[in-house]
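Order of appearance sets the numbers: ligands from 1, and atoms from 1 within every ligand. The analysis underlying the following values was restricted to heavy atoms, covering all of them including side chains, and did not include hydrogens, waters or symmetry mates.
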Amino acid sequence: MNPRVSQAPAARGRLITLEGIEGVGKSTNLRFMASRLEAAGLDVLVTREPGGTPLGEEIRTLLLGRHGDDMAVDTELLLMFAARAEHLARVVRPALAASRWVICDRFTDATYAYQGGGRGTPATRIALLEAWTQDELRPDLTVLLDIPVELGLRRAGARGAPDRFEAEQLPFFQRVRAAYLARASQEPYRFRVVDAAQPLAQVQHSLRGIMDTLCCDVPTAPGAPLR
Ligand code: TMP
């Protein structure tokens, strides 16, 4: 090999996150998004937060379980980031390094929305943990499924016994939704907001467009932002 010919760096994978309040239809649409990327020949890993690792799933059980109803706000925040640190170290970073495309059901925007908007933790405190846990890593693209709170809760309510977050009341979810929308307007280049109150076929039409654009628009420079 000619040593003067520089090797093109291996393309790193991409981190795509899916966000929204309860009842937006994340599970169905997550599978749909993954199938579009797979159809384009990409190596896709679907995962979730809190969770995604054996220890992370145990932390999830602590966070969502009703025995934790009186959990302190800081405990909740730190457990979210403990699960995230484990997930990043064991699953997300290795997958990205292996050029896989990771679709994560919730990530740090959920912390800003739920612990920040919902519980009232200052964003500066969340940002400290984000910087510590993630260094420079941020999602390449975030799809926010947006829905009026009353409609989301009506849909989610049909699912049986509520977990510790689902048991929260309307004003909590109004603050969560507002925090999500505020983040989306602060970072419009990263977020795609999809109206999840539409019929599923229309939601998936929008998602198909977003995913297909993404597949055709892979930047050549590693780390270059997606348009
Ligand atoms: P879900 O993954 O089934 O939607 O539920 C996870 C719950 O955890 C959901 O109510 C949102 C909450 N959550 C936070 O409060 N902060 C976070 O950082 C994450 C990832 C989730």
Side-chain angles (χ1 to χ4, degrees), residues 15-31 33-34 46-53 55-88 90-92 102-123 125-134 137-139 142-147 149 151-183 196:
L15 175 59
I16 299 162
T17 59
L18 182 61
E19 300 280 0
I21 63 164
E22 299 9 58
V24 288
K26 272 191 301 100
S27 311
T28 309
N29 290 311
L30 191 77
R31 282 192 297 276
M33 286 162 62
V46 176
T47 184
R48 71 171 179 180
E49 290 204 353
T53 64
L55 180 54
E57 291 294 328
E58 288 195 36
I59 297 173
R60 180 187 176 92
T61 302
L62 291 175
L63 279 163
L64 271 57
R66 296 302 302 271
H67 55 266
D69 272 1
D70 59 352
M71 184 181 291
V73 168
D74 282 351
T75 309
E76 181 180 292
L77 175 66
L78 291 166
L79 284 175
M80 287 294 174
F81 272 102
R84 184 161 299 137
E86 188 70 11
H87 191 216
L88 287 169
R90 311 257 176 245
V91 174
V92 177
V102 178
I103 303 188
C104 193
D105 182 349
R106 298 194 187 280
F107 194 58
T108 309
D109 292 302
T111 314
Y112 282 100
Y114 283 79
Q115 282 65 55
R119 304 277 191 232
T121 299
R125 180 169 288 198
I126 298 171
L128 285 174
L129 292 168
E130 180 182 37
W132 179 13
T133 312
Q134 296 169 219
L137 182 67
R138 299 290 181 277
T142 298
V143 175
L144 173 59
L145 296 175
D146 181 55
I147 198 170
V149 174
L151 178 55
L153 294 187
R154 227 177 11 254
R155 286 186 185 171
R159 288 202 300 241
D163 65 33
R164 204 169 62 80
F165 289 97
E166 290 165 343
E168 288 293 341
Q169 302 300 307
L170 191 74
F172 176 86
F173 292 106
Q174 284 167 334
R175 293 194 299 276
V176 171
R177 183 188 183 205
Y180 268 136
L181 289 171
R183 285 187 69 71

Is E166 near ligand 1, meaning one of its heavy atoms is under 4.0 Å from it? no
Among all protein heavy atoms, pick out the one at the shortest distance from atom 16 (N) of ligand 1; state its residue, atom name and that distance to 0.1 Å. Q115 OE1, 2.8 Å
Quick one: sort the F165 and Y114 rings into parallel, tilted or perpendicular, breaks at 30° and 60°. perpendicular
Report the C-alpha separation of E58 and L62 in whole Å, then their side-chain angles, then the decisive distance to 0.1 Å, and conclude whether the side-chain contact (heavy atoms from CB on, under 4.5 Å) test is met. CA-CA 7 Å; E58 288 195 36; L62 291 175; over 6 Å; no
For Y114, the ligand 1 atoms whose distance to one of its heavy atoms is below 4.0 Å: 10 (O), 11 (C), 14 (C), 15 (O)
So is R84 close enough to ligand 1, meaning a heavy atom under 4.0 angstrom away? yes
Could you find the nearest protein heavy atom to atom 14 (C) of ligand 1 and give me its residue, atom name and distance? M80 CE, 3.1 Å
Test item, R48 contacting ligand 1 (heavy atom, 4.0 angstrom): no
Taking distance alone, with N or O pairs closer than 3.5 Å, would you say K26 contacts ligand 1? yes
Under 3.5 Å, N or O to N or O, is R106 touching ligand 1 that way? yes
What I want to find out is whether E76 reaches R164 closely enough, with some N-O distance under 4.0 Å, to be called a salt bridge. yes
L64 versus P50, closest heavy-atom pair with distance: CD1-CG, 4.5 Å
One should read off an interatomic distance between E22 CD and I147 CD1, to the nearest 0.5 angstrom, of 11.0 Å
Element-labelled atoms of ligand 1 that are located less than 4.0 Å from some non-hydrogen atom of T111: 17 (C), 18 (O)
Quick one: does any side-chain atom of R106 pair with a main-chain N or O of G20 as donor and acceptor, under 3.5 Å? yes
Are the charged groups of E166 and R66 less than 4.0 angstrom apart, N to O? no
Among E22, R119, E49, closest by heavy atom to atom 10 (O) of ligand 1 is E22
Could you tell me whether R60 and ligand 1 have an N or O pair separated by under 3.5 Å? yes
Give a yes-or-no answer on whether the side chains of R84 and T111 include a donor-acceptor pair shorter than 3.5 Å. yes
Of F165, F107, Y112, F81, which has the heavy atom at the shortest distance from atom 7 (C) of ligand 1? F165
Non-hydrogen atom of R164 closer than 4.0 Å to ligand 1: no
Sub-4.0 Å atoms of ligand 1 with respect to non-hydrogen atoms of A110: 16 (N), 17 (C), 18 (O), 19 (C), 20 (C)
For a side-chain contact (heavy atoms from CB on, under 4.5 Å) check, start with the C-alpha distance between V73 and Q115, then their side-chain angles and the critical distance, and finish with the verdict. CA-CA 8 Å; V73 168; Q115 282 65 55; 6.0 Å; no
Examine distances only and state if a side-chain atom of R48 and a backbone atom of D105 form a donor-acceptor pair shorter than 3.5 Å. no
Atoms in ligand 1 flagged as close to P50, the criterion being non-hydrogen separation under 4.0 Å: 8 (O), 19 (C), 20 (C), 21 (C)
